[in-house]
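Since the structure is predicted, the reported quantities are computational estimates derived from the model, not experimental observations. What's counted below: heavy atoms across the whole structure, side chains too, no hydrogens, waters or symmetry copies.
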Amino acid sequence: MRPRSLTLRLALLSAAWVALGLGVAGWLILSITSNHMLRSFDGRLLNLLDAVAGVAGMGPGGQLSVGTVRALSATNFAQPLSGYYWQLAAPGAGSATSRSLWDSRLPPYDLAAGNGPHVRDVAGPRGERLRLSERAVVPVEGGPPLLVQVAIAREELDGEIGRLRLLVGGTFALLGLGLVLGTVALLVFGLAPLRRARRSLAEVRAGERERLAAGPAPAEIAPLLEEIDALVAQNRATVDRARAHVGNLAHALKTPIAVQRAALAPEAPDLPLAQAQNAAMERLVQHHLVRARAAALAGSAATEAVPMAVAGEIARVLRRLFAGKGIEIALAGDASVRVPVDQQDLAEMLGNLLENACKWARRRVSLNVARDGGGVMLRIADDGPGLPEAAREAVLARGIRLDEMAPGSGLGLAIVRDLAELYRGRLALDRAPEGGLLVRFWLPLR
């Protein structure tokens, strides 16, 4: 897994979340269990305190004494430093201790805490931790209160709490490790389709396969694979079109080059013929370059143009170009509509159509832009001589160049037709109401 691997990133986030969750859960469990164990220990200690207080009293000689303590732990009070201790005290009467304290003493009674009972931690005779319970017993017959203290070493309790912590900590650590490993396994398994897609893409790039989505894929990445396949197919089609255009250009240039070579022969040079062939080759190169560029842009993203804005720029140029004829160019229609066409290609198409209309118009050329179903219809009309119906059908037939037809034709209309087809558009010729030629030029909106 690489440093920026998605699997590693998700695994680390999962590990952090599992560690946090299990840590909080373990802390809560340990806190609740430890408090419960401490309360149980304190309950046992208070029961022992009550047992000692029940048999404690003043002897005949005014000495403090404790009778027989009837408790399971009573025998421990007689064993020196056993961890079970009691101590009695009374103002003016001295104090008494269990044999287990030997020559040591428990901390003095905390008079500020009241009669009790209350529990606290203190240090024992050997420096061990003791849990001390104490209370003041007031005799019924009156007199000073009897201060009773009982203490038990916390070693057993602390040992149990320590073992509980090890058990809970180890269990939760193993559980967390299992969860993290399971999450990593799920991620590796779940992201396997992405790794397969990467390998498939490498095979496509190497030419070992045609498509990524050759087999079943998860619903989450199937659309992505299909889009990549579509992009690969589009790029492959663009390359194929470019190769085809290069081949067509090479084929189209063979004859003009051969004629020009013959026209420039030293024996009988024909300069006008050579110049005509040179112009023909220039038109062919321009024609195929425009087609190749439009074919490469067809279907690409982020290509939009506004027909009214493009037509306005072209009209300003044509008004100056045909100022001698006094041509009126009228533009009307929806100025907000946009078409998914490269702006330079749209300018090429509208420029050829409007220039052709101005060339043959007497006084007026009009362009109208309107939405038409799922596209935009551009109507260019002029008041010139027009084009017979038979000629209109012939010039729009595939493979017929308009510069080989009657007056009013030219290579520009063929370029418009080819570009329109590349953008899934349509071109149709008809008779204009003014008597000239009407060009209906339709482009899809998407």
Side-chain angles (χ1 to χ4, degrees), residues 16-56 66-89 97-102 104-137 146-180:
W17 177 250
V18 168
L20 178 62
L22 292 181
V24 172
W27 176 79
L28 288 175
I29 292 175
L30 284 175
S31 298
I32 294 173
T33 308
S34 299
N35 288 335
H36 176 72
M37 294 173 66
L38 183 60
R39 286 195 299 270
S40 298
F41 188 83
D42 288 344
R44 175 186 169 193
L45 182 61
L46 290 174
N47 289 335
L48 195 56
L49 174 66
D50 291 338
V52 172
V55 294
V66 173
T68 302
V69 178
R70 299 184 181 278
L72 295 177
S73 304
T75 56
N76 294 324
F77 290 129
Q79 299 175 10
L81 304 177
S82 64
Y84 284 75
Y85 312 108
W86 59 257
Q87 180 172 289
L88 302 178
T97 63
S98 65
R99 181 175 177 80
S100 56
L101 272 174
W102 201 246
S104 299
R105 293 289 184 271
L106 294 176
Y109 187 95
D110 186 5
L111 295 174
N115 291 335
H118 41 80
V119 182
R120 56 193 172 111
D121 288 328
V122 297
R126 297 177 297 172
E128 74 274 27
R129 294 181 65 193
L130 298 180
R131 191 70 172 166
L132 173 69
S133 63
E134 53 190 3
R135 65 181 301 177
V137 179
L146 181 63
L147 307 179
V148 183
Q149 294 176 303
V150 175
I152 301 178
R154 287 190 50 143
E155 182 179 0
E156 181 180 354
L157 173 64
D158 292 339
E160 292 180 359
I161 293 177
R163 287 189 293 273
L164 176 65
R165 287 175 179 172
L166 287 176
L167 177 62
V168 172
T171 302
F172 275 57
L174 290 176
L175 178 61
L177 181 60
L179 289 175
V180 172

Quiz item: Please, which pairs that meet side chain to side chain donor-acceptor pair (under 3.5 Å) have at least one residue in residues 16-35, sequence neighbours excluded?
Solution: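 Qualifying pairs, neighbours excluded: none.
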Practice problem: Sequence neighbours left out, what passes side chain to side chain donor-acceptor pair (under 3.5 Å) with Ser98? Give chain and number order. | Solution: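 Result, side chain to side chain donor-acceptor pair (under 3.5 Å) vs Ser98: Ser100.
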Self-check item: All side chain to side chain donor-acceptor pair (under 3.5 Å) counterparts of Asp50, not counting sequence neighbours
Solution: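 Partners of Asp50 by the side chain to side chain donor-acceptor pair (under 3.5 Å) criterion, ordered by chain and then number, come out as Arg135.
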Quiz prompt | Gap between atom OG1 of Thr171 and atom CG of Leu22 - 0.5 Å precision | solution =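 So the CG of Leu22 and the OG1 of Thr171 are separated by 11.0 Å.
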Quiz item: Gln149 side chain to Pro107 main-chain N or O, any donor-acceptor pair under 3.5 Å?
Solution: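 Between the backbone of Pro107 and the side chain of Gln149 there is a qualifying donor-acceptor contact (under 3.5 Å).
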Quiz item: Do the non-hydrogen side-chain atoms of Leu48 and Trp86 ever get within less than 4.5 Å of each other?
Solution: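 A side-chain contact under 4.5 Å is absent here.
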Taking every non-hydrogen atom, the tightest pair across [X] and [Y]:
{"X": "Tyr85", "Y": "Gly83", "result": "OH-N, 3.2 Å"}
{"X": "Leu132", "Y": "Leu45", "result": "C-CD2, 3.9 Å"}
{"X": "Leu46", "Y": "Pro117", "result": "CD2-CB, 3.9 Å"}
{"X": "Ser104", "Y": "Thr97", "result": "O-CG2, 4.5 Å"}
{"X": "Leu130", "Y": "Ala153", "result": "CD2-CA, 3.5 Å"}

Quiz item: Residues two or more places apart in sequence or in another chain: which of them pass side chain to side chain contact (heavy atoms under 4.5 Å, CB included) with Arg99?
Solution: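 With sequence neighbours excluded, Arg99 shows a side chain to side chain contact (heavy atoms under 4.5 Å, CB included) to Trp102, given in chain and number order.
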Quiz item: Of all residues at least two apart in sequence or in a different chain, which pass the side chain to side chain contact (heavy atoms under 4.5 Å, CB included) check with Val180?
Solution: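 If we apply the side chain to side chain contact (heavy atoms under 4.5 Å, CB included) test to Val180, skipping adjacent residues, the hits are Ala15, Val18, Val184.
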Self-check item: Sequence-distant partners of Tyr109, ring pair (Phe, Tyr, Trp, His ring centres under 6.0 Å), two or more places apart
Solution: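 Scan of Tyr109 (ring pair (Phe, Tyr, Trp, His ring centres under 6.0 Å), adjacent residues dropped) gives His118.
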Quiz item: Could you walk me through whether Leu106 and Leu101 pass the side-chain contact (heavy atoms from CB on, under 4.5 Å) check?
Solution: CA-CA 8 Å; Leu106 294 176; Leu101 272 174; 4.0 Å; yes
Exercise. Could you list all the salt bridge (charged side-chain N to carboxylate O under 4.0 Å, His left out) pairs where at least one residue sits in residues 31-43, not counting sequence neighbours?
Key: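 Only Asp42-Arg131 qualify under salt bridge (charged side-chain N to carboxylate O under 4.0 Å, His left out).
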Contacts table for residues 155-169: side-chain donor-acceptor under 3.5 angstrom, sequence neighbours left out:
unit_1, atom_1, unit_2, atom_2, d
Asp158, OD1, Arg154, NE, 3.3
Asp158, OD1, Arg154, NH2, 3.0
Asp158, OD2, Arg129, NH1, 3.4

